[in-house]
Every structure is written in structure tokens, then in C-alpha cells.
Number of protein chains: 2
Amino acid sequence: MYKVLIVDDEQGIRDLVSKYCSLEGYTYGVAGDGLEAIEKVRNEDYDIVCMDVMMPELDGFSAVREIRKFSNIPIIMLSARTETYDKIHGFEIGADDYIGKPFSPKELMLRINAVMSRANMQKSVSEVFDNGRLRVDFTARIVSVGGNAVDLSPKEYELLFFMVKNRGIALSREKLLNEVWGYDFYGDDRTLDTHIKLLRKSLGDCAEYIVTLRGMGYRFDG
Amino acid sequence: MYKVLIVDDEQGIRDLVSKYCSLEGYTYGVAGDGLEAIEKVRNEDYDIVCMDVMMPELDGFSAVREIRKFSNIPIIMLSARTETYDKIHGFEIGADDYIGKPFSPKELMLRINAVMSRANMQKSVSEVFDNGRLRVDFTARIVSVGGNAVDLSPKEYELLFFMVKNRGIALSREKLLNEVWGYDFYGDDRTLDTHIKLLRKSLGDCAEYIVTLRGMGYRFDG
DNA sequence: GGTTTTTTGAACTCACCGTGAATTTTTTAA
DNA sequence: TTAAAAAATTCACGGTGAGTTCAAAAAACC
């Protein structure tokens with residue numbers, strides 16, 4: 001999932017955008033002005049920036065120009081002014097999209113997704129895990145055991161995908177519930193057990209790859 | 001190097017695009033409305049046209065229609081309106097690409113390059129998908145099932161085209177709505193379902209190629 | 001104005017998910 | 001070594017929500 005850097009001097013806007021980012025399942029960081037934004041882009045690992053134009057210390061345009069000197073991270077500009085100048089100027093200095101205030105958070109999310117999918121176009125490498133017996137194609141969402149495709153339920157897919165992506169790593173029950181079910185899931189402990197069981201059943205011969213770590217969680221050994 | 005004709009009634013846009021054309025090493029000319037554009041395409045020696053849709057005197061669509069009577073020069077349409085109609089209509093009357101405003105100059109340059117390299121390849125190489133039972137001709141916009149051409153509605157074409165172009169890839173509902181309907185579509189969730197249903201019905205025997213991925217979206221398996 | 005196409009809302013179905021209880025396995029303590 | 005406790009596995013059942021379908025309204029097109 002994407003990590004979004006939200007840059008705005010208004011606390012209200014930051015809270016609003018961050019809330020919607022969470023809802024979309026994105027993680028985020030915030031910055032209150034242009035200088036802080038540059039700092040964070042340089043030192044932390046963001047996927048996209050949403051930047052207000054009008055800010056103290058260093059305005060959005062200057063910040064973008066600075067960032068473009070060392071990074072081509074996607075940037076979406078936010079501006080209260082609706083004049084064309086802002087828009088054109090924003091693109092000129094290297095922004096990827098522009099959205100006028102007031103904007104609907106939903107629209108912002110759509111634009112983030114659009115910009116990201118455009119950015120991802122280039123690197124459309126088919127992610128696949130294959131060890132001869134088990135094959136997991138993340139992009140096609142196809143899982144085969146010994147050459148035969150198996151049908152999995154949505155939760156089984158997500159659980160398996162997460163475990164395979166983190167293969168060789170001990171995953172606590174809590175971690176699995178958080179990552180696969182979501183942070184707001186307060187469900188029963190048996191839920192995870194049951195889905196592990198179902199997944200093992202679906203995987204047949206390959207069930208053994210999911211090893212139980214008693215008192216801890218599970219690990220995928222491929 | 002290419003010579004680009006920039007057609008827009010806004011001075012700002014003309015300046016922006018022309019500046020980027022220079023940076024890419026292209027030469028350019030400008031026109032402020034459709035009539036002027038037709039005039040210049042007829043009398044001067046351009047390689048490609050970037051044309052705004054909304055202009056005084058003669059709008060972009062009409063201008064393209066007129067130009068197509070005597071020239072098949074590549075044309076990229078620019079439009080502030082985000083409606084799908086514009087896009088489809090633009091392609092229908094002979095535009096080679098479509099880009100929604102606000103656009104980033106970077107993206108426009110990419111498209112210009114893409115369109116030109118496409119145009120430079122043999123034009124007779126029409127893009128076609130054909131697996132024996134189903135045939136999808138993207139350029140001619142013809143779909144046949146078992147040798148018999150089938151009539152599809154515009155949305156059905158768009159949906160099928162996108163799915164076939166991305167065959168073998170799991171496409172989320174969100175992705176499909178974004179790409180086929182546009183990222184400003186706030187419609188009902190049932191819209192996609194319904195069009196999938198209509199498309200399956202139209203495809204008859206080949207309906208099975210569209211597989212449902214519960215909790216996720218759809219995938220075209222050709 | 002009539003026709004086609006798209007969108008919407010509502011009804012329906014069924015696969016799936018989460019839960020609690022029973023069972024088995026493993027660990028700890030006596 | 002055995003008994004008790006803890007953790008994991010398994011099972012079966014009820015509610016739910018995602019997808020399908022339909023019909024009718026709305027929009028776009030001629």
C-alpha cells in the first residue's frame with residue numbers, strides 16, 4: 001500500500017486528508033510547511049505527496065521545485081486559488097496533478113489512485129511466487145498446486161498473499177489479524193485459526209508450508 | 001524532429017505546451033481556434049496536432065472532422081470536460097489520443113511520443129486480439145464471436161477493450177470504474193455489475209472468459 | 001419524439017465469514 | 001509419569017454482504 005505525505009499548514013486539512021487515507025488503507029505522514037516536506041521526502045520513504053500551495057516558510061511551488069531536484073515522486077497540488085495561473089504554474093514546475101480547494105476528499109482519493117496507477121504503469125511486472133509445487137500469481141490472482149489452479153475465497157487469497165509476501169518471517173496472530181483483517185478488527189481468536197485451516201485444506205499437499213508457531217502465530221516456509 | 005500544431009484559445013495553455021515542445025526539441029506552430037487550425041494543417045507541414053475541444057469559432061470536434069476529410073495527421077484531443085462522451089466521441093471522429101484537463105505537460109509529451117511512434121509504425125498493423133473463438137479488433141472496433149460480428153454499446157466496447165488489453169490481470173472494481181468510466185465517476189456500484197452482465201450476454205459463448213473474483217473484481221481469461 | 005444506452009434502486013441468492021463449543025495437541029506443573 | 005492447563009484445531013450453524021438479475025427511470029442520441 002501507498003504511503004502518502006500530506007503537506008498543509010492547516011491542521012483541519014491534514015486531519016481530513018489523513019483520515020481518508022486511513023480509510024483507503026494508505027499510511028501517511030504529515031508536514032506543516034514546505035521545508036518540512038522536503039526534509040521528509042528526502043529522508044523517509046513516501047510514494048506520493050499531496051501539497052498545499054499556500055504555506056508559511058516555504059510555499060508549495062518552491063517546495064516542488066526543490067523536490068524535483070532530487071526526486072520524481074508523484075505530487076498532487078492543492079490550491080484555494082482557482083486561477084489558471086496556479087494550475088499551469090504547478091504543472092510547469094513538475095506537479096503530476098492539480099486539484100482546487102475546496103475539494104471533496106473522495107475526489108482527492110480518486111486522483112491519488114489515478115496518479116499512482118499512471119505511475120505504476122511503467123513497472124507492470126507480473127509478481128509471481130513459484131517453488132515448483134506451489135505457484136502464487138499476485139497480479140492474476142491465481143493460485144495453483146502442482147499445476148492445478150485452486151479456488152480460494154477472498155479471505156484465503158488475502159491471507160495467503162500476505163503470508164507468501166512475508167515468507168520466512170514469523171507472523172504473530174496479532175500481526176496477521178491487523179494486516180489481513182484490518183486494524184479495527186476485534187474479532188475472535190478462532191477466526192484466524194479457522195481461516196488457516198480452510199487455507200491449509202485448499203492448499204492440499206502444500207498445507208505443510210504453513211507452519212504453526214505455538215504461542216506466537218504462523219510462518220510460511222516456501 | 002516533429003512539428004507540432006498547438007490549438008487552444010487560451011494563451012496560457014499555448015505558451016505552456018509550446019515551451020515543453022521546445023524542451024523536447026520539437027518545433028511548433030499555434031492556432032487560436034478551429035478554423036485557423038484547419039487552415040494551417042492544410043497549408044503548412046505539421047506532423048501532429050494537439051487540439052483543445054472547447055474553442056470559439058469552430059470547436060475541436062468539428063475541426064477534427066473537417067481535417068479528416070483531407071488528412072490523416074495524428075491528432076491528440078485536450079478537453080476540460082471529463083465526461084466519457086468527449087473521449088469516445090473524440091476517438092469516433094478520428095482523434096488518435098485523448099487527454100483530460102488538467103493534464104501535466106510531461107504526460108502530454110509522453111503521449112505525443114507514443115502517438116508518433118505508433119504512427120511511424122506500419123499503419124496497417126491493426127491491433128487485434130484473436131484466440132479462435134473471440135476476435136477483438138481494437139482499431140476497427142469490431143468484435144466477433146465464432147466468426148459472427150456482434151454489436152456492442154459504447155460502454156461495452158470500452159469495458160471489453162480495457163479488459164482484453166489487461167487480460168490475465170486481476171482488475172478491481174475500483175480500477176475498472178476509474179479506467180473505463182473515468183476517475184470522476186461517483187456512480188453506483190451496480191453500474192459495473194450491470195455492464196458486466198450486458199457484456200457477458202453480448203459475448204454469448206465467450207462470456208466465460210470474464211471471470212468473477214469475489215470481493216475483488218473481474219479478470220479476462222482469454 | 002422515438003430509440004438506444006446508461007444508470008439506479010430493489011429483490012434475491014448463495015458463498016463466505018465469524019462465532020462458540022467440542023476435540024485434539026502441546027506445554028507446564030506436580 | 002501423570003494430571004492439569006493452555007493453545008491450536010476442527011466442526012457446524014446463522015447472519016451478512018457481494019454479486020447477479022430485473023425493471024424502470026434518466027440520459028444521450030438520431
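Everything numeric in this text was worked out from a predicted model, so none of it was measured. Numbers restart at 1 for each chain; the letters A, B, ... are given by sequence-line order, proteins then strands.
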Identify all side-chain donor-acceptor contacts of residues 28-39 of chain B below 3.5 Å with residues at least two apart in sequence or on another chain.
residue : atom : partner : partner atom : Å
B:D33   : OD1  : B:L35   : N            : 2.9
B:D33   : OD1  : B:E36   : N            : 2.9
B:E36   : OE1  : B:G32   : N            : 3.0
B:E39   : OE2  : B:N43   : ND2          : 3.1

Ring pair (Phe, Tyr, Trp, His ring centres under 6.0 Å) involving [X] - partner list, sequence neighbours excluded:
X      : value
A:F162 : none
A:Y218 : none
B:Y209 : B:F220

Distance below 4.0 Å between A:S153 side-chain N/O and C:dA15 OP1 or OP2:
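It does not, given that no N or O in the side chain of A:S153 lies less than 4.0 Å from OP1 or OP2 of C:dA15.
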Taking only side-chain N and O atoms of A:W181, does any of them lie within less than 4.0 angstrom of OP1 or OP2 on C:dC17?
no
Rounded off to whole Å, could you give me the [atom1]-to-[atom2] distance for the [X] and [N] pair?
X      : N      : atom1 : atom2 : value
B:L199 : D:dT21 : CG    : C1'   : 16 Å
A:D151 : C:dC16 : CG    : C1'   : 13 Å
A:L177 : C:dC17 : CG    : P     : 14 Å
B:E174 : D:dA18 : CD    : C1'   : 16 Å
B:H195 : D:dG19 : NE2   : P     : 16 Å

Angle between terminal axes - the helix from C:dG1-D:dC30 to C:dA30-D:dT1, 5 pairs each end, rounded to 10°:
40°
Using the side-chain hydrogen bond (donor to acceptor under 3.5 Å, both in side chains) criterion, which residues pair with A:S144? Sequence neighbours excluded.
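Once residues adjacent in sequence are excluded, A:S144 has no partner under the side-chain hydrogen bond (donor to acceptor under 3.5 Å, both in side chains) criterion.
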Contact residues, residues 154-161 of chain A to DNA chain D [heavy atom, < 4.0 Å]:
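Nucleic-acid contacts, sorted: none.
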Output all residues satisfying salt bridge (charged side-chain N to carboxylate O under 4.0 Å, His left out) with A:R190, sequence neighbours left out; order by chain, then residue number.
A:D193
Suppose we screen for salt bridge (charged side-chain N to carboxylate O under 4.0 Å, His left out). Which residues come up paired with B:R133, at least two apart in sequence or across chains?
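Only B:E208 meet the salt bridge (charged side-chain N to carboxylate O under 4.0 Å, His left out) criterion with B:R133.
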What ring-ring contact (aromatic ring centres under 6.0 Å, His included) pairs are there with at least one residue in residues 137-158 of chain A, not counting sequence neighbours?
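Those involving residues 137-158 of chain A are A:F138-A:F161, A:Y157-A:F161.
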With the criterion being N/O to N/O and under 3.5 Å, what pairs connect the protein with nucleotides 6-10 of chain D, and how long is each?
residue : atom : partner : partner atom : Å
D:dA7   : O4'  : A:R214  : NH1          : 3.3
D:dA7   : O3'  : A:G215  : N            : 3.3
D:dA7   : N3   : A:R214  : NH2          : 3.2
D:dA8   : OP1  : A:G215  : N            : 2.6
D:dA8   : OP2  : A:R173  : NE           : 3.3
D:dT9   : OP1  : A:R200  : NH1          : 2.9
D:dT9   : OP1  : A:T212  : OG1          : 2.6
D:dT9   : OP2  : A:Y218  : OH           : 2.4
D:dT9   : O4   : A:R190  : NE           : 3.4

Measuring from B:D52:CG to B:D8:CG, what's the distance to the nearest 0.5 Å?
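Result: 4.0 Å between the selected atoms.
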Where each residue is assigned the nucleotide of DNA chain C containing its nearest heavy atom, which of B:L152 and A:L192 is assigned the position nearer the 5′ end?
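Result: B:L152.
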Start with the C-alpha gap between A:L171 and A:I169, add the side-chain angles, then the distance that decides, and say whether side chain to side chain contact (heavy atoms under 4.5 Å, CB included) holds.
CA-CA 6 Å; A:L171 300 164; A:I169 298 173; 4.3 Å; yes
Considering only residues two or more places apart or on different chains, which pairs with a residue in residues 144-172 of chain A satisfy salt bridge (charged side-chain N to carboxylate O under 4.0 Å, His left out)?
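Pairs touching residues 144-172 of chain A that pass the test: none.
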